[in-house]
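Down below is the structure, laid out as structure tokens.
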Number of protein chains: 2
Amino acid sequence: MSKYEDIATDIQGSILDGSLKAGDRLPTVVELCDLYGVSKITVRKAIDILAEQGLVSSRRGSGTYVKTTPEALGVESDLHAGDVLYTGRSDRSVGFTNEYALQDKKVSSDIIEFSIVVPPEQIAQRLDMGPDDFAYHDIRVRRLDDIPIVVENTYMPLELIPGLKRHHLEGSIYRYLTQDLGLHLSSFHRIIRAVPATLEEAQWLETEEGSPLLEIEQIGFVDTGLPFEYSISRNVGSRAELHNINIT
Amino acid sequence: MSKYEDIATDIQGSILDGSLKAGDRLPTVVELCDLYGVSKITVRKAIDILAEQGLVSSRRGSGTYVKTTPEALGVESDLHAGDVLYTGRSDRSVGFTNEYALQDKKVSSDIIEFSIVVPPEQIAQRLDMGPDDFAYHDIRVRRLDDIPIVVENTYMPLELIPGLKRHHLEGSIYRYLTQDLGLHLSSFHRIIRAVPATLEEAQWLETEEGSPLLEIEQIGFVDTGLPFEYSISRNVGSRAELHNINIT
DNA sequence: AAGTGGTCTAGACCACTTC
DNA sequence: AAGTGGTCTAGACCACTTC
């Protein structure tokens, strides 16, 4: 952990435990420099992190303030609460398994397909693969507490990811990529849509044909800039939602 | 424009015009310092911007690389291309009007409702309003080239936004807020869902009842940390999509 | 006029990759 | 061992807000 991460975590704690409340002004940048014994740029990076998390907003000449969010006010966070099981965060892409392993929810997968294929041309292009190159192809239905949430349709280039086996799919593929292969995932480019369920999808997801699904088309990149996965996932509309925060 | 913005724009230009290609390594940070005559931190901030835009990825000890995206490869960008009219970017929230005024598309609005009301309790809480406080309420159908894309349902606190009139809704509300009132918009918190169209929405949007809509529930904040709008918009699934980029 | 956040310098030191 | 990006210092100067 770097100094700026430590400082961000510390201030985040003060906001979450209520010692800093909605609308409060943080100590000035110079005061925070003294308080933590660091330089101005280090404090600025910490505040940048808090801003990205949606916790604070800075106003030049005036100060940095705790944002008046429903969370900071103690308002229950979701108007549509009830049957929504999956609330993914668009900013931290750590995969389905990791995001829910922490909570008390049971994560499971039905592997509908796992094979090595020559992918369709348009997908091969997105993965920067030659026309004859092979890729893994898998289709998985992911469940939380046994209720199906999403069907994921994924292609990964064979050359970048040697040795992927069926048992890796039971758990988290991302763990295999990072821990076993030592790859560093850097970013995901996503397109989000609302689409009607096909009959087949409706059966997999235990919902109605034509019912709204939240589609996420995604290309994942490693830190050399190469794509390592192309994926289209379709989430049951009434069981999943995506949260994100945009700084202007 | 700050120095780091100038540098980011310059390198972005090199990537977009093809002088830097997918997979290429950028000059090292030290080389870029010499090239632009700036300090290391300034170059780092420029590269951070390019990373947020999804253009480059840095690898400690190795270098910074142009990402192998479909755009950098010259692949047409959308598999579902054809009838999708609205491709919003989740990272830059400048409002519907601004995002399309630049292009050759005609933006228009049907104002279905515009009034001053006491908002429902749950919405008042999200806007940090007292139970008796008033808010503007408007419902607008936004069209591109006369085709309805989205119905927006928005509440804005009266006290924060004096003098809002019907004619502001014909164009861009955001322009009124920033240019006339001098407010600085800082961030948006969003929840994205797929929902079925009600009969009323289907009529407004010229689509079928029950057809998938992409819902965006949004709270907007100004730079003092106060919420200035609560909005639920519902986009026709087959005519809109949301793009975003996530850095891990 | 005084106080605030934002940018920037000219370095230093470190973690990691490459050879 | 040499080269790369990432963090950090101790300041300086500036834009903007507050009084």
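Chain identifiers are assigned alphabetically (A, B, ...) following the order of the sequence lines, protein sequences preceding nucleic acid strands; residue numbering begins at 1 within each chain.
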#### Entry: Test log, rule side-chain hydrogen bond (donor to acceptor under 3.5 Å, both in side chains), inputs B:S62 and B:Y65
CA-CA 9 Å; B:S62 173; B:Y65 300 88; 2.5 Å; yes
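- Taking atom OH of A:Y65 as the reference point, atom C1' of D:dC16 lies 12 Å away to the nearest angstrom.
- Checked against the 6.0 Å centroid threshold, B:F221 and B:H189 count as a close aromatic pair.
- The number of heavy-atom neighbours closer than 6.0 Å to OH of A:Y176, taken from other residues, nucleotides and ligands shown, is above 12.
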### Summary
Readout for nucleotides 4-14 of chain C: B = base within 4.0 Å of protein heavy atom, S = sugar-phosphate only, - = neither; 5' to 3' it is BBBBBBB-B--
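- Side-chain contact between B:H243 and B:E241: present, with at least one pair of heavy atoms (C-beta onward) separated by less than 4.5 Å.
- Pair assignment for C:dC16: D:dG3, on the basis of Watson-Crick or G-U wobble contacts that are both within less than 3.5 Å.
- Looking at A:T42, its side chain never comes within 3.5 Å of a backbone N or O of A:V38 through a donor-acceptor pair.
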